[in-house]
Amino acid sequence: MSASSSPRPHSIAIRFMHTSILLIVLHQLLGSSLMEGPRQGRPGDWLYGLHEWGGLIGLGVLGVFWVWIAFRRNETAIAALVPWFSRPRLRALRDDVFVHVTAVRTRRWPHSDSQALAAATHGLGLLTALVMAVTGDSTLVWEAGSGLHGVLIGTHKSFANLMWAYLVAHASIALLHHLVGDATLREMFTFKKSTVKPAKRRHAS
């Protein structure tokens, strides 16, 4: 995440969905380490049932999130969250990464007016959660023991491991931002209308 002198305020809807996704992901990750799935014709335990419902709800919330940012103005553009198909956005991401790397090498706190790295990082987390939800929910459709079912389960578990790493890194960086006086963390979890006028949304490149 970039430390910016004027962080972009988020709408109440985005803050609510961000918190909802965080809680659902934590529920799914923690529950998966305690639940007992179906074995040899036996159904899973009640935690497994909660995990199934959590996956369905999570997919719904993620779907609403992507639709919201696609059609609402003054939100982070989808192209900023997924910059991999735009040369201008890739250059902006490269430049922002360079600013951060240079700051770390000189033992300074990164300071950048660009939000390219922050947006791309959030996008990776959201895409990881989406893949987890899609692959997990798809296992409810395909028969257990089939080849595709095994691929879906393997992919689901692999992305769950990536999500653990992402959450630890993301939370650590967010906490560092908070400790140095950045208001982003506090603003994200405050469900009040922002008094800061949002920046004009840039068109996707």
Side-chain angles (χ1 to χ4, degrees), residues 1-25 57-104 110-138 155 158-160 162-163 165-167 169-174 176-177 182-185 187-191 193-194 196-205:
M1 296 176 62
S2 303
S4 175
S5 57
S6 56
R8 193 169 193 263
H10 299 280
S11 67
I12 295 178
I14 286 295
R15 281 176 267 171
F16 177 78
M17 284 186 279
H18 178 272
T19 302
S20 299
I21 293 170
L22 172 61
L23 293 176
I24 291 170
V25 168
I57 295 172
L59 182 59
V61 174
L62 285 164
V64 171
F65 173 86
W66 287 106
V67 171
W68 179 270
I69 63 174
F71 292 98
R72 294 288 296 185
R73 300 184 62 185
N74 297 324
E75 302 286 9
T76 302
I78 290 181
L81 295 171
V82 189
W84 320 111
F85 309 102
S86 168
R87 288 185 179 180
R89 290 191 180 275
L90 283 175
R91 285 195 295 269
L93 177 59
R94 178 201 61 194
D95 294 342
D96 205 11
V97 170
F98 179 76
V99 169
H100 282 70
V101 171
T102 301
V104 171
H111 182 86
S112 172
D113 289 329
S114 172
Q115 293 295 312
L117 180 57
T121 302
H122 280 97
L124 287 175
L126 289 164
L127 289 175
T128 300
L130 183 61
V131 173
M132 285 175 58
V134 170
T135 54
D137 292 343
S138 297
T155 304
S158 296
F159 275 82
L162 287 176
M163 180 54 76
Y166 175 84
L167 280 180
H170 188 56
S172 299
I173 295 174
L176 285 174
H177 274 261
D182 193 314
T184 301
L185 183 62
E187 187 263 347
M188 180 57 76
F189 292 100
T190 300
F191 300 102
K193 188 174 181 180
S194 176
V196 181
K197 185 177 180 181
K200 185 178 180 180
R201 178 173 177 171
R202 296 179 180 179
H203 295 289
S205 300

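These values consider heavy atoms only, across backbone and side chains, with no hydrogens, waters or symmetry-generated copies.
Of all non-hydrogen atoms in Met163 and Ala129, the two that sit nearest each other are CE-N, 3.5 Å. Contact detail for Val61 and Ser20: the closest heavy-atom pair is CG1-CB, 4.3 Å. For the pair Ala79 and Arg89, the tightest heavy-atom approach, listed with the atom from each and the gap, is O-CD, 3.1 Å. The minimum heavy-atom distance linking Leu62 with Ala133 is given by the pair CD1-CB, 4.2 Å. The shortest non-hydrogen separation linking Leu93 to Pro83 is CD2-CG, 4.2 Å. Here the shortest heavy-atom pairing between Gly125 and Tyr166 reads CA-CZ, 3.5 Å.
With values rounded to the nearest 0.5 angstrom, Ile12 atom CD1 is found 12.0 Å from Ile14 atom CD1. Interatomic distance, CZ of Phe65 versus CG of Leu130, reported as 11.0 Å (0.5 Å rounding). Annotation: the span from Leu126 atom CG to Ile78 atom CD1 amounts to 10.5 Å, rounded to 0.5 Å. Rounding to the nearest 0.5 angstrom, the gap separating the CG atom in Leu117 from the CZ atom in Phe98 is 14.0 Å. One finds the CE atom of Met17 at 7.5 Å from the CD1 atom of Ile21 (value rounded to the nearest 0.5 Å). For the atom pair CD1 of Ile69 and CD of Glu75, the computed distance is 8.0 Å after rounding to the nearest 0.5 Å.
In the displayed structure, Phe159 atom CZ is contacted under 6.0 Å by at most 12 heavy atoms of other residues, nucleotides or ligands.
Here the side chains of Trp66 and Leu127 are in contact, with some heavy-atom distance below 4.5 Å.
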